[in-house]
Amino acid sequence: MVSNKVLRALENTDMSVFSQDRDLRYVWIRNAGRSWLAEAQEGMVDADLLAPPGAERSIVMKREVIRTQRPARFELAIASGASLRWYDVRIDVDHDDDGDVCGVIGTSVEITEQKRREETLKTLLRELSHRSKNLLAIIQSLASQTARHSVTVPEFLVRFRGRIQSLAYSQDIVTDADWRGADLMSLVTMQVERYAPDGMDQIAVESPDVYLSPTASLHVGLALHELAVNAASYGSLSVPGGTVAVGARLEEGNSEETLVLDWQERNGPRVRSERDARFGTSTLERIVPNAVGGQASLEYFSDGLRYTLTIPRDQYEVNPDSSVARA
């Protein structure tokens with residue numbers, strides 16, 4: 001039997017202790033609490049306490065312990081409403097005063113929270129694996145596209161490093177938001193501000209309070225990076241007084257709402273009508289819109305570029321507490 005001191009110690013734990021004879025009838029149970037053993041009484045068997053699958057598993061394990069005289073351990077799942085409660089059950093042989101096997105003695109500890117944490121971790125790892133594969137695919141596409149339009153290796157390295165750094169910045173925002181995505185304002189600030197000599201004083205941003213999905217965050221970040229690099233090298237951010245207006249608005253379409261992102265440069269050098277293949281036009285006009293399932297246009301006006309990207313509803317969410325303008 002269990003001593004009084006042990007019983008008092010057990011009361012401060014989630015562990016239940018029990019003993020069964022060779023016929024697997026319960027002899028005594030201590031500290032059953034609200035566990036699966038709560039209704040157990042002397043003389044009962046597992047079939048009186050558990051559903052058939054659980055009872056069968058428990059009986060098989062206990063009989064094997066008696067046969068081999070070696071301890072065993074198994075997990076027991078008990079239905080509790082629409083969910084499961086899990087228990088870690090450990091069994092060993094019990095001996096009488098003459099040293100003969102007289103049954104089994106065991107412990108049961110609820111591990112439901114542990115199992116939930118394990119499932120959450122597995123889900124996160126699967127999500128991480130999925131996103132890692134997506135990220136590697138993006139990097140591979142960027143490497144190919146950058147190499148195609150680079151004349152020299154040093155030029156390739158500079159442009160490719162910049163694009164990888166852009167991905168890293170966007171990924172940091174997404175990670176900090178627990179993989180929810182990135183708010184558009186943070187994305188603009190992170191990707192554009194460092195290319196403006198006067199910082200955000202040259203950048204006007206007007207946007208509803210929206211969160212882009214992780215996929216949209218990475219690709220919109222790339223688009224902003226391409227536009228900012230070009231503006232700092234040849235466009236409105238390369239001269240004093242040049243500005244960039246970044247605007248976003250919600251538009252009601254025939255079938256669903258969309259988010260329209262505009263990049264407009266003003267007061268910059270006169271824009272040439274011919275396109276420079278090294279400028280990331282394929283990223284802006286093909287890769288980014290294809291990735292988010294939207295559409296894009298790149299227009300060359302005399303005082304600066306205008307880029308428009310349409311993002312479908314499944315790639316963003318609007319803060320329900322914010323007041324937003326809809327076109």
Side-chain angles (χ1 to χ4, degrees), residues 162-163 165-167 169-170 172-174 176-177 181-213 216-252 257-272 276 279-281 283-285 288-289 292 294-313 315-319 321-327:
R163 288 167 174 170
Q165 189 176 50
S166 166
L167 279 178
Y169 287 146
S170 297
D172 284 344
I173 299 175
V174 171
D176 289 343
D183 70 274
L184 187 56
M185 184 64 187
S186 296
L187 206 59
V188 172
T189 302
M190 182 71 77
Q191 295 290 354
V192 181
E193 182 178 20
R194 66 184 183 277
Y195 292 105
D198 295 328
M200 291 304 289
D201 290 340
Q202 289 181 269
I203 314 297
V205 183
E206 184 174 351
S207 168
D209 187 4
V210 295
Y211 251 82
L212 300 178
S213 71
S217 299
L218 296 182
H219 286 89
V220 171
L222 276 174
L224 291 169
H225 167 77
E226 296 296 330
L227 292 164
V229 169
N230 182 73
S233 301
Y234 314 108
S236 61
L237 297 183
S238 67
V239 296
T243 62
V244 171
V246 182
R249 64 187 184 278
L250 300 175
E251 285 192 353
E252 296 290 350
E257 174 191 273
T258 58
L259 177 68
V260 180
L261 176 66
D262 286 310
W263 169 286
Q264 177 67 65
E265 298 180 28
R266 295 188 176 90
N267 303 322
R270 185 171 182 82
V271 175
R272 297 177 300 176
D276 186 347
F279 176 39
T281 53
T283 298
L284 295 170
E285 296 181 307
V288 171
V292 300
Q295 297 178 331
S297 65
L298 185 62
E299 302 172 275
Y300 292 75
F301 295 104
S302 59
D303 65 341
L305 296 174
R306 180 178 182 180
Y307 177 68
T308 303
L309 175 66
T310 301
I311 304 171
R313 185 65 181 85
Q315 292 295 321
Y316 67 90
E317 60 182 52
V318 183
N319 184 348
D321 297 328
S322 66
S323 58
V324 295
R326 287 175 167 81

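Given the structure is predicted, the values throughout are model-derived calculations rather than measurements.
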From CA spacing to verdict: side-chain contact (heavy atoms from CB on, under 4.5 Å), T281, L298: CA-CA 8 Å; T281 53; L298 185 62; 3.8 Å; yes
For M190 against R194, the heavy-atom pair lying closest together: O-NH1, 2.5 Å
side-chain contact (heavy atoms from CB on, under 4.5 Å), paired with L261, selected from V210, V246, T308: V246
Check ion pair E226-R163 (N to O, under 4.0 angstrom): yes
Over all atoms of both residues, closest heavy-atom pair of S238 and A232: CB-O, 3.3 Å
Reported CZ-to-CG distance for the pair R313 and L250, which is rounded to 0.5 angstrom: 8.0 Å
Side chains of N267 and S236, donor plus acceptor under 3.5 Å: no
Closest contact, heavy atoms only, M200 versus T189: CE-OG1, 4.1 Å
Over 12 foreign heavy atoms within 6.0 Å of CD, E206: no
Point-to-point distance, once rounded to the nearest 0.5 Å, from CG of D262 to OG of S207: 11.0 Å
Spatial distance of atom CD (E265) from atom CG (L305) [nearest 0.5 Å]: 4.5 Å
Heavy-atom closest pair, residues A228 and Q191: CB-O, 4.0 Å
side-chain contact (heavy atoms from CB on, under 4.5 Å) evaluation trace for L212 with V292: CA-CA 10 Å; L212 300 178; V292 300; over 6 Å; no
Closest contact, heavy atoms only, I173 versus A182: CG2-CB, 3.3 Å
Distance (rounded to the nearest 0.5 Å) between S170 OG and H219 NE2: 10.5 Å
Modelled atom types, side-chain donor and acceptor of S213 and Q315, under 3.5 Å: yes
Nearest-0.5 Å distance, CG of residue L184 to CG of residue L224: 7.5 Å
Working for side chain to side chain donor-acceptor pair (under 3.5 Å), residues E251 and T258: CA-CA 5 Å; E251 285 192 353; T258 58; 4.6 Å; no
CD-CD1 distance between E193 and I203, expressed to the nearest 0.5 angstrom: 8.5 Å
Distance-minimising heavy-atom pair for Y316 and I311: CE2-O, 3.5 Å
Validation row: E257, V318 side chains within 4.5 angstrom (heavy atoms): yes
Flag, side chain of Y307 to backbone of L284, donor-acceptor distance under 3.5 Å: yes
Any Q295 side-chain heavy atom under 4.5 Å of P289 side chain: no
